[in-house]
Enquirer: 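Okay, here's the structure, questions in a sec.
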Amino acid sequence: MGGKRTDHISKRDVEVLEFIARFGVVPRSAVAIWAATGPTATLNRERRLRLAGLIEVRCGVWGEGKLVAATASGLRASGHGELSRARFSLASVAHESAVAELAARMEREGNRTLSEREIIACERVEGKRRLSAQLAAGRFHRADLISGGEDGSPPEAIEVELTAKGAARLDQLLRAWRRAVAERRLRRVVYLCPPPTRGVVERAIERTRTGAAITVQGLDERSGR
């Protein structure tokens with residue numbers, strides 16, 4: 001009987017599964033932050049969801065940490081069957097982990113966010129790129145997170161910039177975000193950067209004169225690290 005109780009999927013398990021589904025590939029640390037659980041409870045929940053076929057678990061970069069993602073069954077069980085299955089990618093795992101941990105901390109503080117996956121789904125339903133920055137040649141760029149806007153006011157776009165883009169590409173993107181703010185589709189855009197990239201983004205903002213619409217903060221300031 002004890003085993004059955006341990007393996008039972010609770011309402012809280014499904015809520016945590018929803019967070020995983022929304023963000024795709026999520027580090028175990030972000031799950032613990034979002035759910036406010038210690039190592040034992042986090043591992044037990046992960047085990048229940050894995051045995052139920054709702055998540056898959058893989059090793060992180062160089063075998064450090066664990067990453068989880070919802071299976072097709074997990075997406076349906078979480079109420080997010082409209083989202084595609086996430087792909088584990090060594091090239092993007094550091095960025096995805098940083099975004100998921102940031103979102104977990106923000107949501108713990110009561111700030112609802114939209115992941116990039118949710119932005120895609122939302123814009124698909126609406127039939128317009130309301131939350132994206134429009135680039136040249138009909139291309140678009142989505143933020144890593146959208147926060148706020150529940151009261152009808154324009155939301156905030158958040159970009160986690162772990163590595164610096166090329167100057168021309170970054171300048172084009174900053175100008176595109178400025179247009180989105182000028183059109184009142186967004187309230188502002190916040191770039192969160194570790195020390196090596198903060199100066200690069202700050203110089204680009206000065207160069208493009210986009211400071212009225214875009215601000216830069218240290219990643220540690222927002223993530224609570």
Enquirer: Is the backbone of Gly38 close enough, under 3.5 Å, to the side chain of Thr42 for a donor and an acceptor to pair up by distance?
Expert: yes

Enquirer: Determine whether a donor-acceptor pair (N or O, by modelled atom type, separation under 3.5 Å) exists between the side chain of Arg22 and the backbone of Thr113.
Expert: yes

Enquirer: Could you report the tightest heavy-atom contact between Leu83 and Leu75, atom names first, then the distance?
Expert: O-CD1, 3.3 Å

Enquirer: Can you tell me how far apart CD1 (Ile55) and OG (Ser78) are? Round to the nearest 0.5 Å.
Expert: 12.0 Å

Enquirer: Any idea which heavy atoms bring Ile146 and Ala143 closest together, and the distance?
Expert: CD1-CB, 4.4 Å

Enquirer: Any heavy-atom pair between the side chains of Ile158 and Asp144 that's under 4.5 Å?
Expert: no

Enquirer: Hey, is the main chain of Ser10 close enough, under 3.5 Å, to the side chain of Asp13 for a donor-acceptor pair?
Expert: yes

Enquirer: For the residue pair Arg130 and Cys122, establish whether any side-chain heavy-atom pair is separated by less than 4.5 Å.
Expert: yes

Enquirer: Considering only heavy atoms from C-beta outward, does the side chain of Thr210 approach that of Trp177 to under 4.5 Å?
Expert: no

Enquirer: Closer than 3.5 angstrom, by distance alone: can the side chain of Arg178 be matched with the main-chain N or O of Thr208 as a donor-acceptor pair?
Expert: yes

Enquirer: Okay, side chain of Ser97, backbone of Pro27: is any donor-acceptor separation there less than 3.5 Å?
Expert: no

Enquirer: So that I can tick it off, tell me whether Arg112 and Glu150 are bridged by a salt bridge, with the cut-off set at under 4.0 angstrom between side-chain N and carboxylate O.
Expert: no

Enquirer: Report yes if some heavy atom in the side chain of Cys59 is under 4.5 Å from a heavy atom in the side chain of Lys66; otherwise report no.
Expert: yes

Enquirer: Would you check if the side chain of Arg179 reaches a backbone N or O of Ala133 as a donor-acceptor pair within less than 3.5 Å?
Expert: no

Enquirer: So, for Thr71 and Glu56, which heavy atoms are closest and what is the spacing to 0.1 Å?
Expert: CG2-N, 4.0 Å

Enquirer: Between Glu101 and Ser29, is there a side-chain heavy-atom distance shorter than 4.5 Å?
Expert: yes

Enquirer: Output yes when a side-chain donor or acceptor of His95 lies under 3.5 Å from a complementary backbone atom of Val160, and no otherwise.
Expert: yes

Enquirer: side-chain contact (heavy atoms from CB on, under 4.5 Å) for Leu145 and Met106? Distances and angles first, verdict last.
Expert: CA-CA 11 Å; Leu145 293 173; Met106 290 179 64; 4.2 Å; yes

Enquirer: Within the supplied structure, the quantity of interest is the number of heavy atoms (other residues, nucleotides, ligands) at a distance under 6.0 Å from Arg169 CZ; does it exceed 12?
Expert: no

Enquirer: Taking Leu131 as the fixed residue, which of Glu126, Glu123, Arg142, Arg185 is the one that meets the side chain to side chain contact (heavy atoms under 4.5 Å, CB included) rule?
Expert: Glu123

Enquirer: Do Glu202 and Arg198 sit within salt-bridge range, that is, some charged N less than 4.0 Å from a carboxylate O?
Expert: yes

Enquirer: Checking Glu46 against Val31 for the side-chain contact (heavy atoms from CB on, under 4.5 Å) test, could you report, in this order, the C-alpha distance in whole Å, the side-chain angles of both residues, the deciding distance, and whether it holds?
Expert: CA-CA 9 Å; Glu46 183 181 292; Val31 175; over 6 Å; no

Enquirer: What I want to find out is whether Lys165 reaches Glu159 closely enough, with some N-O distance under 4.0 Å, to be called a salt bridge.
Expert: no

Enquirer: Taking all non-hydrogen atoms of both residues, which atom of Ile20 and which atom of Ala70 are closest, and how far apart?
Expert: CG2-N, 3.8 Å

Enquirer: Would you call Glu206 and Arg203 a salt bridge, taking side-chain N to carboxylate O under 4.0 Å as the test?
Expert: no

Enquirer: Do you know which two heavy atoms are closest between Ala204 and Leu170, and how far apart they sit?
Expert: CB-CD2, 3.5 Å

Enquirer: How long is the gap from CG on Leu173 to CD on Glu161, to the nearest 0.5 Å?
Expert: 7.5 Å

Enquirer: For Val216 and Cys193, work out which heavy atoms get closest and say how close.
Expert: CG1-SG, 4.0 Å

Enquirer: Ring-plane angle category for Trp34 and Phe19, please: parallel below 30°, perpendicular beyond 60°, tilted otherwise.
Expert: parallel

Enquirer: Nearest 0.5 Å please: distance from the CG atom of Leu114 over to the CZ atom of Phe23.
Expert: 8.0 Å

Enquirer: Does the side chain of Thr197 come within less than 4.5 Å of Leu162's, by heavy atoms?
Expert: no

Enquirer: Does the side chain of Glu18 come within less than 4.5 Å of Val14's, by heavy atoms?
Expert: no

